[in-house]
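Quick caveat: nothing in here was measured; it's all calculated off a predicted structure. No hydrogens, no waters, no symmetry mates; every other heavy atom, side chains included, goes into these values.
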Amino acid sequence: MFKTANEELFDALVRHQTYLLRYSASLSNELIKILNRSEEQTVDLIKKMLADGRGLRGPAEVRRLAGLFKKVKKVRSGAWRDVSKVAIKEAETLAKDESSIFAGMLGTFSLFALKLLAPKKKKLDLIVSVYQFQGRTLNEWLQNAESEDFRKISATMQAGIVAGESVAEIVKRVVGTKALDGKDGIVQGSRNGIDSIIKTAVQHITSNARAEVLNENDKLILAEQYVAVLDNRTTPLCRSLSNKIFAIGEGPMPPLHFYCRS
C-alpha cells in the first residue's frame with residue numbers, strides 16, 4: 001500500500017527511536033561498569049580501617065573513621081569523574097549526530113528537494129551544558145548522584161559501626177553480595193541513578209537536537225506530532241498526549257518524566 005511522505009518519515013523515526021533506546025541502555029551499562037570498578041578499592045579500605053573492630057570508643061576512633069570516609073570519598077569521586085567525562089562527551093556527540101540524522105530524514109522523505117539549514121554547533125552544545133531536564137542539566141544530575149552516593153555509603157557504614165556489626169556485614173551493607181550481583185547493597189541505588197539519568201538524558205538531547213533543526217527550518221515544517229510508546233509502562237500523561245499534533249515549538253517536548261520513551 002502506498003504511504004505518504006509523512007507516514008514514511010514516521011516509520012523511520014520509530015525505527016530510529018528503537019535504536020536510541022538500545023543506545024541509552026548500552027551507554028548506561030558502560031557507565032555503571034566504570035563506577036563498579038571503584039568497589040573493590042572501597043571494600044579494601046573498609047576492611048583495612050575496620051579490621052580491629054574497635055568501633056567508636058573515643059576521639060581517636062572518630063578521627064580514624066573520618067579519615068576512612070575521606071579516602072572512600074576520594075576513590076568514589078574519581079570513578080564519578082570518569083563517569084561524567086564519558087557521559088558528557090557522548091552527549092555532545094549525540095546532539096551533533098542526532099541533528100544531522102533528523103535533518104537527513106526530513107530531506108530523504110520529502111516530496112520536494114529541501115535545502116535544510118543545520119543548527120550551529122554553539123546551539124547544540126547548549127543542549128548539553130545549559131538546557132535542563134527535570135530541573136537540572138546532565139552535569140548537575142551527575143554531581144547530585146555523586147553526592148547522594150557518598151552520603152548513603154558513609155551513613156550505611158556509620159550505622160553498621162554503631163550497631164556493632166562485623167566488617168563483613170558492613171561490606172555487605174555497602175556493596176551487597178555476589179549471589180545477588182550486588183543488588184542488595186546500598187550502592188545499587190547509585191547504579192539505578194545512572195540508569196535513570198542517562199536514559200532520560202538521551203531523550204532530552206535527541207528531542208532538543210530535533211527541535212533545533214525544526215527551528216532553523218520553521219518555514220518548511222508545519223507541525224509536529226507527539227508519539228508515545230504505548231504499553232503497560234506508559235504514564236497517563238504520555239498516553240493522553242500520544243498522536244496529538246502541535247504547531248512547531250508549541251507542544252510538550254519529551255522527556256516529560258524520568259525514563260520517558262516518547
Side-chain angles (χ1 to χ4, degrees), residues 10 12-36 79-80 83-95 97-99 101-102 124 127-149 151-152 176 180-212 224-244 246 251-262:
F10 177 90
L13 284 169
V14 168
R15 288 193 297 271
H16 186 60
Q17 181 71 0
T18 301
Y19 160 76
L20 287 170
L21 292 173
R22 291 174 181 170
Y23 164 75
S24 65
S26 176
L27 178 57
S28 172
N29 289 336
E30 179 186 348
L31 298 179
I32 288 171
K33 286 179 182 177
I34 293 173
L35 186 64
N36 286 349
W80 277 104
V83 166
S84 295
K85 191 183 298 182
V86 173
I88 297 299
K89 184 177 180 181
E90 286 284 333
E92 290 171 347
T93 300
L94 178 63
D97 290 349
E98 191 62 23
S99 65
I101 290 169
F102 184 55
L124 296 175
I127 295 173
V128 179
S129 62
V130 176
Y131 292 8
Q132 297 182 339
F133 61 97
Q134 304 301 303
R136 291 187 173 108
T137 64
L138 173 57
N139 190 53
E140 287 169 345
W141 275 116
L142 291 171
Q143 288 179 341
N144 181 70
E146 179 183 346
S147 297
E148 278 296 293
D149 175 66
R151 184 189 67 78
K152 289 178 180 178
L180 294 176
D181 200 24
K183 290 181 172 63
D184 50 339
I186 196 68
V187 295
Q188 180 61 33
S190 298
R191 299 185 194 107
N192 293 341
I194 287 177
D195 190 61
S196 175
I197 291 167
I198 294 304
K199 289 180 179 177
T200 309
V202 167
Q203 289 294 85
H204 159 72
I205 292 163
T206 55
S207 289
N208 278 282
R210 293 171 186 175
E212 292 298 342
E224 55 189 344
Q225 185 177 25
Y226 191 99
V227 181
V229 176
L230 299 177
D231 56 24
N232 59 2
R233 291 187 291 156
T234 308
T235 63
L237 176 59
C238 287
R239 191 179 296 275
S240 70
L241 290 168
S242 191
N243 294 325
K244 288 188 176 180
F246 301 90
M253 183 187 296
L256 302 189
H257 53 82
F258 278 103
Y259 287 117
C260 184
R261 298 166 295 158
S262 297

Open item on the list: With salt bridge (Lys or Arg N to Asp or Glu O under 4.0 Å) as the criterion, how do Asp231 and Arg239 come out once you've worked through the C-alpha distance, each side chain's angles and the decisive distance to 0.1 Å?
Closed with: CA-CA 9 Å; Asp231 56 24; Arg239 191 179 296 275; 5.8 Å; no
Open item on the list: Between Gln203 and Gln17, is the side chain to side chain donor-acceptor pair (under 3.5 Å) condition met? List the steps.
Closed with: CA-CA 9 Å; Gln203 289 294 85; Gln17 181 71 0; 3.1 Å; yes
- [ ] Just do the salt bridge (Lys or Arg N to Asp or Glu O under 4.0 Å) check on Glu148 and Arg151 with the steps written out, would you?
- [x] CA-CA 5 Å; Glu148 278 296 293; Arg151 184 189 67 78; 3.0 Å; yes
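Of the residues listed (Leu35, Asn29, Ile34, Leu27), the one engaging Ile194 in a side chain to side chain contact (heavy atoms under 4.5 Å, CB included) is Leu35, and it is the only one.
Side-chain atoms of Glu98 and Arg210, non-hydrogen and from C-beta on, do get closer than 4.5 Å to each other. Side-chain contact between Glu212 and Phe102 is absent, with no heavy atoms from C-beta onward closer than 4.5 Å. For the pair Asn139 and Ile88, the minimum side-chain heavy-atom distance is below 4.5 Å. Residues Leu21 and Lys199 are not in side-chain contact: their nearest non-hydrogen atoms beyond the backbone lie 4.5 Å or more apart. Looking at heavy atoms from C-beta onward, Leu256 lies in side-chain contact with Leu241 at the 4.5 angstrom threshold.
Using a 3.5 Å distance cut-off with no hydrogens or angles, the side chains of Tyr226 and Ser242 do not pair a donor with an acceptor. Between Gln132 and His204, the side chains place no donor N or O within less than 3.5 Å of an acceptor N or O (distance only, hydrogens not considered). In this model, a donor atom of one side chain and an acceptor atom of the other lie less than 3.5 Å apart for Asn192 and Gln188.
Between the CD1 atom in Ile205 and the OG atom in Ser24 there is a gap of 10.5 Å [rounded to 0.5 Å].
In this structure, Glu92 does not pair ionically with Lys89, as no charged nitrogen and carboxylate oxygen lie closer than 4.0 Å. The existence of a salt bridge linking Asp195 and Arg191 is excluded, since no basic side-chain nitrogen approaches an acidic carboxylate oxygen closer than 4.0 Å.
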